[in-house]
Amino acid sequence: MPAFPSYRSRRLRRSEPLRALVRETVLSPSDLILPLFVVEGTGVRRPVSSMAGVEQTSTDELLRDAEEALSLGLSSVLLFGIPDHKDETGTSGYVDDNVVSRAVRCLKAEFPELLVITDVCLCEYTSHGHCGVTRDGDVDNDATIPLLARMAVAHADAGADVVAPSDMMDGRVGALRAALDGAGRADTAILSYAVKYASAFYGPFRDVAESAPAFGDRRSAQMDPGNVLEALREARLDVEEGADMVMVKPALAYLDVIHRVKQDTGYPVCAYHVSGEYAMIEAAADRGWIDRERAHLEALTSIRRAGADMIISYYARPFARLFRR
Ligand code: PBG
């Protein structure tokens, strides 16, 4: 490599067109997945105080949001369901006629071109807020798996293109794949939350999804933030069990993990830029401490640069608007 003065790094930084030509990582709306929260009823649109721009909506309102998203150039959504009724085992989440399946049917009827991903987890549907059925104060792994499989099949039957198990039970990807195949849904893809850390950054999400655990925490299922080799094992296991894409979550605090999971698996990697990471930027921007747009763009770019092929982002709509400009 030539040294100074024949090499001058600043030559290629002198104008925006030049910077754009040599930019290694570019972000486009087609890289982003928009999370949406669906509730029962009609005409419901409820903002969430800890998450600017995020709302709980009933299916009729969801259709408007989907139409807007498509018109902005966004093509994928991730659906979370918030039921009216919760019980010990999260029944409202896996019955055939659940809130998410109803929303998926409407979305797909209206916008067949929209890619619909559904979150598969019981925490929004259980009265105690844990991600599965509990026994002696802890989630019972093996008893939870068949319920998750039922939920995945119900979503797939409704037309979901991709199901995304976020519960972190061992062995659930294999069980979901077998159940989907057995139900004639071999084409439904699995995006597994393979690497999900026990993170402080999920706080605002639990307000939106009304899924905070009533007792204890999720540490018996979610990963310790100090571990990266374990993340590689988790990702490999899920790929072996049939995951088509693997997720790392959160994103910003785990950029090294995203990078290594991508290198190690060679599989499509999705990063979940989670609620707390989004809310942090929003809160600082509200106080005038940082530039909102630039901070969001920089965060999203860093996640792509680390190796994520796709990003679940609460900033998807504002980003798509900026991109159009
Ligand atoms: C679990 C789930 C969580 C999130 C999505 N699905 C986390 C949790 O409560 O453990 C968090 C997403 C976010 O913070 O944006 N079903």
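Residue numbers run from 1 in the order of the sequence given. All values derive from a computational prediction rather than experimental measurement.
- When hydrophobic residues (I, L, V, M, F, W, Y) are linked wherever their side-chain heavy atoms come within less than 4.5 Å, the members clustered with Ile290 are Ile281.
- Contact detail for Val163 and Pro165: the closest heavy-atom pair is O-CD, 3.5 Å.
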Audit row: Val162, Ile190, side-chain contact (heavy atoms from CB on, under 4.5 Å) steps and yes/no: CA-CA 6 Å; Val162 181; Ile190 298 178; over 6 Å; no
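- The side-chain heavy atoms of Leu122 and Val139, taken from C-beta on, include no pair separated by under 4.5 Å.
- We find that Arg292 and Glu282 are joined by a salt bridge, their nearest charged nitrogen and carboxylate oxygen being less than 4.0 Å apart.
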Show me the donor-acceptor pairs, under 3.5 Å and distance only, between side chains in residues 32-43 and residues at least two apart or in other chains.
residue, atom, partner, partner atom, Å
Glu40, OE1, Arg102, NH2, 2.4
Glu40, OE2, Asp84, N, 3.4

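- Inter-residue side-chain proximity for Met245 and Tyr267 is flagged as unmet; no heavy-atom pair is nearer than 4.5 Å.
- Summarising the local packing, CD of Glu113 is surrounded by more than 12 heavy atoms from other residues, nucleotides or ligands at distances under 6.0 Å.
- Here the CG atom belonging to Leu70 is positioned 11.0 Å from the CG atom belonging to Asp65, to the nearest 0.5 angstrom.
- Under the side chain to side chain donor-acceptor pair (under 3.5 Å) criterion, Asn141 pairs with no residue, sequence neighbours left out.
- Under the ring-ring contact (aromatic ring centres under 6.0 Å, His included) criterion, the residue pairs touching residues 99-152 are His128-His130, His130-Phe215, with sequence neighbours excluded.
- At least one donor-acceptor pair under 3.5 Å links the side chain of Thr144 to the backbone N or O of Val133.
- Using a distance-only test at 3.5 Å, with no hydrogens or angles considered, no donor-acceptor pair links the side chain of Glu230 to the main chain of Asn227.
- Here Leu191 contributes atom CG and Ser76 contributes atom OG; the two are 10.5 Å apart, rounded to the nearest 0.5 Å.
- Counting only N and O atoms by type, the side chains of Asp207 and Ser50 include a donor and acceptor under 3.5 Å apart.
- Met247 CE to Leu78 CG: the interatomic distance, rounded to the nearest 0.5 Å, is 6.5 Å.
- At a threshold of 4.0 Å, the pair Asp181-Arg185 does not count as salt-bridged, since none of the basic side-chain nitrogens sits closer than that to a carboxylate oxygen.
- Taking the side chain as every heavy atom from C-beta outward, Leu107 and Leu79 approach each other to under 4.5 Å.
- Panel note: side chain Thr126, backbone Gly129; a donor-acceptor pair is recorded below 3.5 Å.
- The side chain to side chain contact (heavy atoms under 4.5 Å, CB included) with His155 is formed by just one residue from the set Val116, Ile117, Val120; it is Val120.
- Applying the salt bridge (Lys or Arg N to Asp or Glu O under 4.0 Å) criterion to Glu234, with sequence neighbours excluded, gives no partner residue.
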Residues 311-325 side chain polar contacts: donor-acceptor under 3.5 Å, at least two apart:
residue, atom, partner, partner atom, Å
Ser313, OG, Tyr315, N, 2.9
Tyr314, OH, Tyr272, OH, 2.7
Arg321, NH2, Glu68, OE2, 2.9

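- For the atom pair CE (Met151) and SG (Cys121), the distance works out to 7.0 Å, reported to the nearest 0.5 Å.
- Atom OG in Ser166 sits 3.5 Å away from atom CG in Asp119 (nearest 0.5 Å).
- Not counting sequence neighbours, Arg206 has no partner by the salt bridge (Lys or Arg N to Asp or Glu O under 4.0 Å) test.
- Among residues two or more places apart in sequence or in another chain, the salt bridge (Lys or Arg N to Asp or Glu O under 4.0 Å) test is passed with Asp167 by Arg172.
- For the pair Arg236 and Asp264, the tightest heavy-atom approach, listed with the atom from each and the gap, is NE-OD2, 2.8 Å.
- Placement of Val100 and Leu63 within a single hydrophobic cluster is found when ILVMFWY residues are connected by side-chain heavy-atom separations under 4.5 Å, directly or transitively.
- Contacts of Ala198 classified as side-chain contact (heavy atoms from CB on, under 4.5 Å), with partners at least two apart in sequence or in another chain: Arg219, Gln222.
- Residue Arg14 qualifies as open at atom CZ: its count of foreign heavy atoms under 6.0 Å is 12 or below.
- Linking Ile, Leu, Val, Met, Phe, Trp and Tyr whenever their side-chain heavy atoms come within less than 4.5 Å leaves Tyr7 and Leu12 in two separate clusters.
- In this structure, the side chain of Ser6 does not engage the main chain of Pro2 through any donor-acceptor pair within 3.5 Å.
- When side chains are defined from C-beta on, Thr118 counts as touching Val104, because their heavy atoms get closer than 4.5 Å.
- With sequence neighbours excluded, the residues forming a side chain to side chain donor-acceptor pair (under 3.5 Å) with Asn98 are Ser101, listed by chain and number.
- The NZ atom of Lys86 sits 9.0 Å away from the OG atom of Ser127 when rounded to the nearest 0.5 Å.
- With sequence neighbours left out, the salt bridge (Lys or Arg N to Asp or Glu O under 4.0 Å) criterion links Arg19 to Glu16.
- Residue Phe201 qualifies as open at atom CZ: its count of foreign heavy atoms under 6.0 Å is 12 or below.
- A side-chain donor-acceptor contact under 3.5 Å links Ser58 to the backbone of Val44.
- Clustering ILVMFWY residues whenever any of their side-chain heavy atoms sit less than 4.5 angstrom apart, transitively, puts Tyr278 in the very cluster that holds Leu255.
- Counted by atom type alone, Tyr193 and Asp238 present zero donor-acceptor pairs between their side chains at under 3.5 Å.
- The main-chain N or O of Leu114 is found under 3.5 Å from a side-chain atom of Lys108 such that the two form a donor-acceptor pair.
- The two residues Leu180 and Ala152 have their closest heavy-atom pair at CD2-O, 3.9 Å.
- Between the side chain of Gln56 and the backbone N or O of Arg45 there is no donor-acceptor pair closer than 3.5 Å.
- In the hydrophobic cluster analysis, where Ile, Leu, Val, Met, Phe, Trp and Tyr join through side-chain heavy atoms closer than 4.5 angstrom, Met223 is grouped together with Leu232.
- Leu237 is not connected to Val195 by any chain of hydrophobic side-chain contacts under 4.5 Å among Ile, Leu, Val, Met, Phe, Trp and Tyr, and they are in different clusters.
- Nearest heavy atom pair, residue Ser192 against residue Ala243, reads OG-CB, 3.8 Å.
- Under the side-chain hydrogen bond (donor to acceptor under 3.5 Å, both in side chains) criterion, the residue pairs touching residues 244-262 are Lys262-Asp309, with sequence neighbours excluded.
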Worked verdict on Val269 versus Ile258 for side-chain contact (heavy atoms from CB on, under 4.5 Å): CA-CA 7 Å; Val269 171; Ile258 293 172; 4.3 Å; yes
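- For the pair Glu55 and Arg46, the salt-bridge criterion is not met [side-chain N within less than 4.0 Å of a carboxylate O].
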